[in-house]
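One structure is given below, encoded as structure tokens.
Naming convention: chains lettered A, B, ... in sequence-line order (proteins, then strands); numbering from 1 in each chain.
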Amino acid sequence: MAEGDDLRQMRLAKLEKLRSEGIDPYPKDYHRTHLTAQAIQQFDELAGEDVRIAGRIVSMRILGKATFAHIADGSGRIQIYARKDVLGEEQYDDFRTLDIGDFIGVSGSLFRTKAGEITIETKGYTLLAKSLRPLPEKWHGLVDVEKRYRQRYLDLIANPDVRKIFEVRSAVIEAMRTFMRERGFIEVETPALQPLYGGAAARPFETYHQALDRTLYLRIATELYLKRLIVGGFEKVFEIGKNFRNEGISIKHNPEFTAMESYEAYADYIDVMEMVEQMMAFMARMVFGKEEITYKGQTMRLTPPWRRITMRQAIIEATGIDFRQYPDQQTLSAKMAEAGMKFDPALSRAKLIDHMVSTYVEPKLIEPTFVMDFPVEVSPLAKRKTDEPDLVERFEGYIGGMEIANAFTELNDPIDQRERFVKQLEERAAGDEEAHVMDEDYVIALEHGMPPTGGLGIGIDRLVMVFTDQQSIREVILFPQLRTRREE
RNA sequence: GGGCCGCUAGCUCAAUCGGCAGAGCAAUUGACUCUUAAUCAAUCGGUUCCGAGUUCGAGUCUCGGGCGGCUCACCA
């Protein structure tokens, strides 16, 4: 039998003993008067007064007839001090049988120890929940990455920094909501289960609805539904929610991820750009109190205006290649090969350009930067530039080399939109599994008329990575997707 | 999916060239009424991820499998 089981057996025995003594090891509630952090903060007013706190025993030092322990709650931790001559022999002996990991409620008065630590002199305590399994080790905490993700609760108990990441994540999302609401956007919810998926280039998860006897897809984006709302007369909408993409898992990809998408009537991508830089600065201010963040050791100011560069110019700067001089796939791929670049020669011209951006441009975009004007082929939902119809009015926003925003002037010409879908279908037939499918229902919506609209998508997980200085998306998702262990 | 690396006590980690599988913390017992990585003494705790193989002998070498990390491809 493993040690863990031994320990569990011993604690189960303690549990039974408590029950036999008429003590409920899992009582219903306990009314506390203070959080541990409040008790410490308000020590000057509370010294000598009785307080009631509750939390988990995280350390214990038994010195014969006196015992010190630390109790942790959501706000922090506080030391408690229990003495035999205060509690009485019976209660004190019971106290000594408590285990690290147990939840207790403690009442007593606040004082300061010789070492200067604010402490509760325990006058009474109540067991609130018995623990049966040991907590991670106190010195090194929990470092086994797999265990940290699979049993995130242990990670949160053992590693305060991890807890902090998720507090920041919550604050970032709240700041984003506040920003959007203050700008007059209303928050909406659109279907996650969709009869047709669209709004991004990705493979979907498929599922099946029994009663309707039909295949449904988990959404890969909220885009097409949100734009139907613009058709319907809402002029500023946004949605924060999960998207699902049936693709590989990596340091930057989780199969389900959170995105914020917004659409604003009578705005174009330049307006959206202005909004994004305002939003980022606002969020940093709300979360950190300044318009600055540190990522990978570099401190960056998010204060508007951000650097703006066209994709064409960015590629010229990074590689010396001006794709406009190579108007077809053959000439461009020949030039790229000549420059010694490695790439899949079967890629279309647009995807070659995309390849150069992600390989040579993105890693250099440390300072907040907008890359503008993308090839029309990789942007089937964006409006063409009037003077350069092979490009669209689209930008991506980068911080620290990480793409955090994607936006464009929305294509509201239903004729052009239908043609773009047809083009996507051709690419799909040619083997591109991520090309869009035809969404007739969406085109019909556009045919009823959609005002000029600026749209935006922000990957919240990646944004939180930048805001919390994390290199892996798994560190900002509480329960990242992992392979399930095969049962023996 | 490909490549590289990892998996040893509940946790964090050792183990020389292939030669008795160890430490700290946790746990158990005892001492101890201001400790805080409490201290002191003693004790318990192992399918070395799983399965084969080579060998007198495998944590260590070989093969297969599982899980994880990084990386490449794809994507946000």
Nucleotide paired to [N] in any strand shown, Watson-Crick or G-U, under 3.5 Å:
| N | result |
| --- | --- |
| B:C25 | B:G10 |
| B:G1 | B:C72 |
| B:G53 | B:C61 |
| B:U16 | none |
| B:U35 | none |

So what does [X] hit on the nucleic acid, given a heavy-atom distance under 4.0 Å: a base, only sugar-phosphate, or nothing?
| X | result |
| --- | --- |
| A:L63 | base |
| A:G64 | base |
| A:G141 | sugar-phosphate |
| A:D354 | nothing |
| A:F244 | nothing |
| A:K84 | nothing |
| A:A201 | sugar-phosphate |
| A:A202 | nothing |
| A:D85 | base |

Query raised in the report: Taking the six-membered ring for Trp, is the centroid-to-centroid distance between A:F95 and A:Y125 below 6.0 Å?
Result: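 A:F95 vs A:Y125: aromatic centres under 6.0 Å.
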
Query - Between B:G22 and B:U43 - P atom distance, rounded Å - result: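 Result for the P pair: 14 Å, nearest Å.
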
Query - Closest listed nucleotide, where the reference is the side chain of A:I62 and the choices are B:U12, B:C32, B:G68 - result: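 Nucleotide nearest to A:I62's side chain: B:C32.
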
Phosphate OP1/OP2 of [N]: any [X] side-chain N/O under 4.0 Å:
| X | N | value |
| --- | --- | --- |
| A:K14 | B:U28 | yes |
| A:K114 | B:U35 | no |
| A:R150 | B:G68 | yes |
| A:R61 | B:U35 | no |

Query - Which residue lies more 5' along RNA chain B, comparing A:D144 with A:R83 via nearest heavy atoms - result: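 It is A:D144, whose closest nucleotide lies nearer the 5' terminus.
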
Could you state the [atom1]-[atom2] distance from [X] to [N], rounded to the nearest angstrom?
| X | N | atom1 | atom2 | value |
| --- | --- | --- | --- | --- |
| A:R8 | B:C44 | CZ | C1' | 19 Å |
| A:N159 | B:C11 | CG | C1' | 12 Å |
| A:L142 | B:U12 | CG | P | 5 Å |
| A:E121 | B:U35 | CD | C1' | 14 Å |
| A:Y81 | B:C34 | OH | P | 5 Å |
| A:M10 | B:A26 | CE | C1' | 10 Å |
| A:D99 | B:U28 | CG | C1' | 11 Å |
| A:F95 | B:U33 | CZ | C1' | 13 Å |

Query raised in the report: Going by an N to O cut-off under 4.0 Å, is there a salt bridge joining A:D99 and A:K14?
Result: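 A salt bridge is present here (some side-chain N lies under 4.0 Å from a carboxylate O).
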
Query raised in the report: Could one point to a donor on the side chain of A:Q79 or the base of B:U35 with an acceptor on the other under 3.5 Å away?
Result: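 When only heavy-atom distances are counted, A:Q79 does reach the base of B:U35 through a donor-acceptor pair under 3.5 Å.
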
Report task. Decide yes or no, distance alone: a donor-acceptor N/O pair under 3.5 angstrom between the base of B:U35 and the side-chain of A:T113. Result ->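 In this structure, the two groups form a donor-acceptor pair.
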
Query raised in the report: Just wondering, do A:V437 and A:Q424 contact through their side chains at under 4.5 Å, heavy atoms?
Result: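 A side-chain contact is absent here, since even the closest heavy-atom pair is not under 4.5 Å.
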
Side-chain donor-acceptor pair under 3.5 Å between [X] and [Y], yes or no?
| X | Y | result |
| --- | --- | --- |
| A:S59 | A:R61 | yes |
| A:K227 | A:Y442 | yes |
| A:T222 | A:E239 | no |

Query raised in the report: Counting only non-hydrogen atoms, which of residues 267-277 of chain A are less than 4.0 Å from RNA chain B?
Result: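 Per residue number, the list is empty: none.
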
**Report entry** Expected output: side-chain A:S109 to main-chain A:E49 donor-acceptor under 3.5 Å
**Finding:**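 Answer holds: no.
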
Query - Donor-acceptor under 3.5 Å (A:R163 side chain, A:G74 main chain) - result: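 Checked: pair present.
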
Report, one pair per line, the protein and nucleotides 69-72 of chain B atoms (nitrogen or oxygen only) whose separation is under 3.5 Å.
| unit_1 | atom_1 | unit_2 | atom_2 | d |
| --- | --- | --- | --- | --- |
| B:G69 | OP1 | A:R474 | NE | 3.2 |
| B:C70 | OP2 | A:R474 | NH1 | 3.0 |

Query - Verdict with supporting geometry, A:Q79 and A:Y81, side-chain hydrogen bond (donor to acceptor under 3.5 Å, both in side chains) - result: CA-CA 7 Å; A:Q79 181 167 258; A:Y81 178 49; over 6 Å; no

Requested in this report: Establish, yes or no, whether the cationic atom of A:R228 lies under 6.0 Å from the six-membered ring centre of A:Y225 and within 45° of the ring axis.
Outcome: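 Ring-cation test returns yes.
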
Query raised in the report: What pairs meet the ring pair (Phe, Tyr, Trp, His ring centres under 6.0 Å) rule with one or both residues in residues 345-381 of chain A, with sequence neighbours excluded?
Result: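 Pairs touching residues 345-381 of chain A that pass the test: A:W306-A:F370, A:F370-A:F395.
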
